[in-house]
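All residue numbers in this chain count up from 1 along the given sequence.
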Amino acid sequence: MGVKTLNIDFQYQQTGYWCGPASVHNVLSARGVWITQQQAADELPTDVDGTDWIGQVTNVLSSHVGWYETKEMPNDPVDRVIRVARGVVARRCDDVGHECVTTVDVEGDVVPEQIALRLRRHYFTVIGYNSDNQQVLIADSAGFAPTGMYWLSFDQLATLIPPKGYSA
């Protein structure tokens, strides 16, 4: 299968707490839907404490394109999450070009160095995968990495999802 990536109008988040609105913008841009981060923040809603729940992201995405679902994984073992993540990313990118927004709870997790350990939760977008080396392409509006996009292994992604969830 190889590498599959989606084109987005990538934007860094405009405030320290708008990772949710920036992720919503980035996802919708791949579908040809253009909303500002301010509009996304209003619709979520997002305040100075951020966006509380992945279901809020799902609701906004669904209101614009009609097919997103929230998948919460509070107690799922990592091996199950790995299988789910692989299936979601491959199916979404291959079948219809959908994107996945995930929220992570980094406290206590072994996380990629790009993600600051001080965060309680963070949203980013999965916009592609490489089936040859089992990696996903992340569009991360926070700018922790030298660029806004970086690759993670499926295993790394899977350790970041529980106990929160994702929209797909």
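Residue Tyr17 belongs to a hydrophobic cluster whose other members are Trp18, Val48, with links defined by side-chain heavy atoms closer than 4.5 Å.
Counting only heavy atoms from C-beta outward, the side chains of His25 and Thr36 never approach each other to under 4.5 Å. Two residues are said to be in side-chain contact when any heavy atoms from C-beta on lie closer than 4.5 Å; Gln14 and Ser141 fail this criterion. Side chains of Ser153 and Gln134 form no contact here, defined as non-hydrogen atoms less than 4.5 Å apart.
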Take Tyr68 and Val27 through the side chain to side chain contact (heavy atoms under 4.5 Å, CB included) test and state the conclusion after the steps. CA-CA 11 Å; Tyr68 275 86; Val27 165; 3.3 Å; yes
Going through the checks in order, is the side chain to side chain contact (heavy atoms under 4.5 Å, CB included) test met by Gln56 and Thr46? CA-CA 9 Å; Gln56 293 167 257; Thr46 299; 6.0 Å; no
Before you tell me yes or no, could you show the steps for Ile8 and Met149 under side chain to side chain contact (heavy atoms under 4.5 Å, CB included), namely the whole-Å CA-CA distance, both residues' side-chain angles and the distance that decides it to 0.1 Å? CA-CA 11 Å; Ile8 64 170; Met149 296 192 198; 4.1 Å; yes
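How far CG of Leu28 is from CD1 of Ile35: 5.0 Å, rounded to the nearest 0.5 Å. With rounding to the nearest 0.5 angstrom, the OG1 atom of Thr125 is 10.5 Å from the CG atom of Leu137. Summarising the geometry, atom CZ belonging to Phe10 is positioned 8.5 Å from atom CD1 belonging to Ile127; distances are rounded to the nearest 0.5 Å.
Criterion: ILVMFWY side-chain heavy atoms under 4.5 Å apart, direct or through other members. Under it, Val57 and Trp34 are not part of a common hydrophobic cluster.
Sorted by first and then second residue, the salt bridge (charged side-chain N to carboxylate O under 4.0 Å, His left out) pairs involving residues 34-48 (not counting sequence neighbours) form an empty list.
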